[in-house]
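Since the structure comes first, as structure tokens, the remarks are kept for the end.
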Amino acid sequence: DTGNMETLERYASEEVKIEWMVPLLEGTIRSAFAMTEPAVASSDATNIESSIIKDGDEYVINGRKWWTSNAINPNAKICIFMGVTNPDSPPYQRQSQVLVPMDSEGLSIIRPMQVFGYDDGYTGHPELLFENVVVPKSNIIGGEGMGFKIAQARLGPGRIHHCMRAIGQAEFALEMMCERALTRSAFGKKISELGANYDI
């Protein structure tokens, strides 16, 4: 949710912020981010093939996404969807991002996905199918053609957040290990007193 909140704070309209960012900040809802696609190497966002087609005052969305962070969470109410609005524009200006409510008609959760056999449960990264999902044009984030720029602005800090969490977990594990070494005894000595060549 952190990256999604930062995206909305930076690029969304005031109306969108009130409707979606405020409840996210309050923790009453959760959100998802749908960028990666199974058919293309989506780490290069210029490969995105899902479509966002303008139809009057609405957008019609079609595409298949996977590794959609948090989408399977029962409290996930909104999804940031990345797709192509301007296929004839330069590569970095073809994509846009729109907000799609998770209860939209035509949006289906296909399956939960596993990482190295590990199931993240309700915080996982499922595969989603968008079939003629309709949202109002006001759900665009930052304007048409801004999707790639927004994705880069979102994913950069997101990677730093992951590093911070991993470092914090490692520091906590080291702290627990040191505490255990000072309190647990084996072979008549504290573990902290046993050297590499201890004599049993």
Seminar exercise, completed: Rounded to the nearest 0.5 angstrom, the CD1-CE distance for Ile160 and Met164 is 8.5 Å
Problem set entry | Cluster link Met146 to Met5, ILVMFWY, side chain under 4.5 Å | yes
Problem set entry | Heavy-atom closest pair, residues Ile78 and Pro101 | CD1-N, 3.5 Å
Exercise. Does atom CG of Asp103 have more than 12 heavy-atom neighbours from other groups under 6.0 Å away?
Worked result: yes
Exercise. Residues in ring-ring contact (aromatic ring centres under 6.0 Å, His included) with Phe33, at least two apart?
Worked result: none
Seminar exercise, completed: Residues passing the side-chain hydrogen bond (donor to acceptor under 3.5 Å, both in side chains) test with Asn47, sequence neighbours excluded, are none
Exercise. Hey, mind stepping through Leu8 and Val16 against side chain to side chain contact (heavy atoms under 4.5 Å, CB included) and telling me if it holds?
Worked result: CA-CA 8 Å; Leu8 295 178; Val16 164; 4.1 Å; yes
Exercise. What residues, two or more places apart in sequence or in another chain, satisfy salt bridge (charged side-chain N to carboxylate O under 4.0 Å, His left out) together with Arg94?
Worked result: none
Exercise. Going from CD1 on Ile29 to CD on Glu19, what distance comes out if it is rounded to the nearest 0.5 angstrom?
Worked result: 9.0 Å
For this session: Give the minimum heavy-atom separation between Thr7 and Gln97, together with the two atoms involved.
Result: CG2-OE1, 4.3 Å
For this session: For residues Val133 and Ser104, report the shortest heavy-atom separation together with the two atoms involved.
Result: CG1-CB, 3.7 Å
Side-chain donor-acceptor pairs of residues 169-184 under 3.5 Å, sequence neighbours excluded:
{"residue": "Thr183", "atom": "OG1", "partner": "Glu179", "partner atom": "O", "Å": "3.0"}
{"residue": "Thr183", "atom": "OG1", "partner": "Arg180", "partner atom": "O", "Å": "3.4"}

Seminar exercise, completed: Here the gap from Gln95 atom CD to Met35 atom CE, rounded to the nearest 0.5 Å, amounts to 10.0 Å
Seminar exercise, completed: Taken in chain and number order and not counting sequence neighbours, the residues that satisfy ring-ring contact (aromatic ring centres under 6.0 Å, His included) with Tyr11 are none
Seminar exercise, completed: Applying salt bridge (charged side-chain N to carboxylate O under 4.0 Å, His left out) to Lys137 and not counting sequence neighbours gives none
Exercise. Counting distance only, does the side-chain N/O of Ser51 pair as donor-acceptor with the main-chain N or O of Val84 below 3.5 Å?
Worked result: no
For this session: For Lys17, enumerate each residue passing the salt bridge (charged side-chain N to carboxylate O under 4.0 Å, His left out) test, keeping only those at least two apart in sequence or located in another chain.
Result: Glu14
Exercise. How many angstroms lie between CD in Gln93 and CG in Asn86, if you round to the nearest 0.5 Å?
Worked result: 8.5 Å
Problem set entry | Closest non-hydrogen atom pair between Met113 and Trp66, with its separation | CE-CE3, 3.1 Å
Exercise. Just by distance, do the side chain of Asn70 and the backbone of Ser31 share a donor-acceptor pair under 3.5 Å?
Worked result: yes
Problem set entry | Nearest atoms (heavy-atom pairs only) where Leu128 meets Ala71 | CD1-CB, 3.9 Å
Problem set entry | Stepwise side chain to side chain contact (heavy atoms under 4.5 Å, CB included) test for Val134 and Val60 | CA-CA 5 Å; Val134 177; Val60 180; 4.3 Å; yes
Exercise. Between Ile109 and Leu129, is there a shared hydrophobic cluster once you connect ILVMFWY residues whose side-chain heavy atoms come closer than 4.5 Å?
Worked result: no
Problem set entry | Distance (rounded to the nearest 0.5 Å) between Cys79 SG and Arg30 CZ | 14.0 Å
Exercise. Counting only N and O atoms by type, is there a donor-acceptor contact under 3.5 Å from the side chain of Lys77 to the main-chain atoms of Thr28?
Worked result: no
For this session: For the residue pair Ile141 and Arg10, establish whether any side-chain heavy-atom pair is separated by less than 4.5 Å.
Result: no
For this session: Taking the side chain as every heavy atom from C-beta outward, state whether Thr36 and Thr68 have any pair of such atoms under 4.5 Å apart.
Result: no
Exercise. Mind checking what makes side-chain hydrogen bond (donor to acceptor under 3.5 Å, both in side chains) contact with Ser50, not counting sequence neighbours?
Worked result: Glu37
For this session: Can you see which heavy atom on Pro91 is nearest to which on Thr46, and at what distance?
Result: O-CG2, 3.8 Å
Exercise. Quick one: does Thr85's side chain get under 4.5 Å of Lys54's, heavy atoms only?
Worked result: no
Problem set entry | All pairs passing ring pair (Phe, Tyr, Trp, His ring centres under 6.0 Å) where residues 128-157 contributes a residue, at least two apart | Phe81-Phe130, Tyr92-Phe148
For this session: Evaluate the side-chain proximity of Ile61 to Val135: yes if any heavy-atom separation is below 4.5 Å, no if none is.
Result: yes
For this session: With sequence neighbours left out, write down each residue that passes side-chain hydrogen bond (donor to acceptor under 3.5 Å, both in side chains) with Glu105, or none if nothing qualifies.
Result: none
Exercise. What residues form a side-chain hydrogen bond (donor to acceptor under 3.5 Å, both in side chains) with Asn139, not counting sequence neighbours?
Worked result: none
Problem set entry | Inter-residue atom distance Ser96.OG - Ile140.CD1, 0.5 Å rounding | 4.0 Å
Seminar exercise, completed: Applied to residues 125-135, the side chain to side chain donor-acceptor pair (under 3.5 Å) test, sequence neighbours excluded, yields Asn62-Asn132, Arg64-Glu127, Ser69-His125, Arg111-Glu127, Asp120-His125
